[in-house]
Amino acid sequence: MRITPEIVAEHGLSPEEYEKIKEILGRDPTITELGIFSVMWSEHCSYKNSKPLLKTFPTTGPQVLQGPGENAGVVDFDDRFAIAFKIESHNHPSAIEPYQGAATGVGGILRDIFTMGARPIALLDPLRFGDPKNPRTQHLIAGVVAGIADYGNSVGVPTVGGECYFAPCYEGNPLVNVMCIGLVEKEHIVRAVASGVGNLVFYYGNPTGRDGIHGATFASTELTDESEEKRGAVQVGDPFMEKKILEATLELIAQGAVVALQDMGAAGLTCSTAEMAGRGGMGVCIDLDKVPQRAENMTAYEIMLSESQERMLGVCTPEQLPIVESILAKWDLKAYVLGQLDDSGMMKVLHRGEVVACIPAAKISEDSPVYVRKGKRPSYMDNLPDATRAELPPTKDFENIILEFLSSPNVCSKRWIFEQYDYMVQTQTLTGPGNNAAVLKIHDSNNALAVSTDGNSLFCYVDPYEGGKHAVAEAARNVACTGAEPLAITNCLNFGSPLKEDIFFQLAEAVRGIGDACRALGTPVTGGNVSLYNETPESAIWPTPVIGMVGKIAPPARPMKGQFPGPNRVILLVGSACKHLGASEFLRWRTGLAWGPCPPCDLEVEKRVIGFLHELACQRFVASAHDCSLGGLLTTLVECLLWAEDDNLGMEVHLVSKTERDLVAELFGEFTPRVVLSVPEIEVSHVKKLAEEWNLPMQLLGTTTSTGQMVIKSEFTRISLATSLLRSAYESIRSIFPDVSNQLAMH
């Protein structure tokens, strides 16, 4: 087949990249080789536009056992166990086919974890959608949530946390990120590095079909009106096959039957073969005639690029093959030996007796093109409306405003989502969805694990650098509010096209902020995912870095929750006063606009707050802790009240503000770090003394009561609302968006 410039362009390769391919090969590529290079050099697989930025992240620390470059990062947890974790995106597939797009996103991230030798123990799902009143958005929400629920529930892995945020910028390009956490005994950590001349390469799992061909390339382009035609790039999931593969894989590892493992995720057989060989400096020869196929007359191109789900590639010695076959047969699976390793450094692919590809393995996997892009500060950043001059509502109207705000899509309870998930399976969940962070009491360990995903895209839109810092700080703060010591992060960087200078500026600044925060807080980056080209012809998404944080709760610390535990507790606020409503959800909700400036993220203060919270957990002074973030202090106080699930519980709070504007900022501003604590009266002096030792401001807000009323007093207003009325507003999503609820019920 003659390769024309049009064919090269259809593969997402530039003329310059095609010339580099010819230079590497010393000849024109075959169509199969062109396909191999196109998927491996896509942004999704190679990070060619983001790699220089990603290299600036801190990636090492005494707790890090495996950093970036593997299927998942791994951190030390106790004398026996380690934690494997990673976050990935499945944005474009979910925009086209929401159910399968989300379901296969879960399947892929599960395989990243158990391929490391870790048993998946938890999932989290940070989601972003457009206007929830739009029927198309409702279709997407219902499909995505059902896909996540069905896959996770079927495999038996609890979905313990996540987020859901709505904004017009996600209208045509929803974000579906999934994080998975796994538990592994340190001696059983496996890496995807092929080694050993003569060792066998074997395949197991589902047969290969034509679904998902060019999925990686599809994920590396902008969505257009023609994207709907690319449904073939969306894979189809089979969670029951995944469960068999999971158990078989863990048994293979436990029996020492494999040298290396890699799942066939993005770029399928191409990626798994090239990366395993390339990392190990090996060569590999495989015969595609030995690949199980569920479609007739598949070409070598189709077999190599298919992203059919639930497939694995392993390496074993010839002596280990009988053990591999026996273990797989136990799980009704078969080992298909495709070829073997050699010392040539070449990836050779045979099909129907002919060599259809012969490429230096390292040139595909490790030596992809790298581009250093230029960024330009977006002009909108200098023209944002000034929140310090915003017209604010009179405080006499606050009771109605509060109820309306609590029922708004971004503030209201997300129970309507997480009730679709089984978050108690495996019986390790101490704190499930809808709290600061999820907490799991790990079987056979004295320690508990805290996990959270966070990212404020409004902050990042207003100021990408500060927003990047805030994302890490909020994730760390959420984990610290459970009593945990933050350990490390994984990140999913969701942005528009890096070829546009203003968007590359957003990406570069957010990465700089994330890196600075990780260095300051001692939470290295162990891996993650870059999802670029998230835009439609109308607009790009807001810059949306999502941070997945893991933390450890070790004795004498005990887990804390965010809800007030009962009446007669003293309510304290750690942190300084809010100065304005910049980048606040409250102003965006009222006006539909993003307002500047973004609250500054003082990393030194954040670090002190985290240390303070951990010491509180160790000394067991505190009844509850909940950080102030989206929605401000008002939302935090309401959540502390409502999460208790007791409509007889109330509170009385007094706020000291010099002006009415100060009061509005204090209630709805989103300055950080601020944390609401509830403390037995006898412990108040101890907590205040500890705050002084950490050089943190603290004020007494009031007390919890048994009146069933929330009362907030100031010299400008008195707010009084029944807890039951607050709950009705906070849980009102089903009545606001009945179509979403109906569609979820149908699934």
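If you read the sequence from its start, that first residue is 1, and numbering goes on from there.
Between Phe668 and Ile402 there is a side-chain heavy-atom pair separated by less than 4.5 Å. Counting heavy atoms from C-beta on, the side chains of Phe459 and Ser629 never come closer than 4.5 Å. Counting heavy atoms from C-beta outward, Asn648 and Ser706 have side chains that stay 4.5 Å or more apart. A heavy-atom distance below 4.5 Å is found between the side chains of Glu585 and Asn410. Residues His654 and Gln699 fail the side-chain proximity criterion, which asks for heavy atoms closer than 4.5 Å. In this structure, the side chains of Tyr421 and Asp125 come closer than 4.5 Å at one or more pairs of heavy atoms.
By the 4.0 Å N-to-carboxylate-O rule, Glu509 lies close enough to Arg512 to be salt-bridged with it. Salt bridge annotation for Lys469-Glu606: absent, with no cationic side-chain nitrogen under 4.0 angstrom from a carboxylate oxygen. Of the charged side-chain nitrogens involved, none lies within less than 4.0 Å of a carboxylate oxygen, so that Arg588 and Glu670 do not count as a salt-bridged pair. For the pair Glu171 and Arg136, the salt-bridge criterion is not met [side-chain N within less than 4.0 Å of a carboxylate O]. Classification of Arg590 and Glu391 as a salt-bridged pair fails, no side-chain N sitting under 4.0 Å from a carboxylate O.
Side-chain atoms of Asn529 and Ser89 include a donor-acceptor pair closer than 3.5 Å. Inspection of the Tyr165 and Thr544 side chains reveals no N or O donor paired with an N or O acceptor under 3.5 Å. Between Glu639 and Tyr730, the side chains place a donor N or O and an acceptor N or O closer than 3.5 Å (distance only, hydrogens not considered). Side-chain atoms of Glu652 and Thr705 form no donor-acceptor pair, as typed in the model, at a separation below 3.5 Å.
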Asn173/Asn534 under side-chain hydrogen bond (donor to acceptor under 3.5 Å, both in side chains): CA gap, chis, key distance, verdict: CA-CA 6 Å; Asn173 201 132; Asn534 287 294; 3.1 Å; yes
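The aromatic rings of Phe418 and Tyr423 lie perpendicular to each other, with more than 60° between the two planes, well past the 30° mark.
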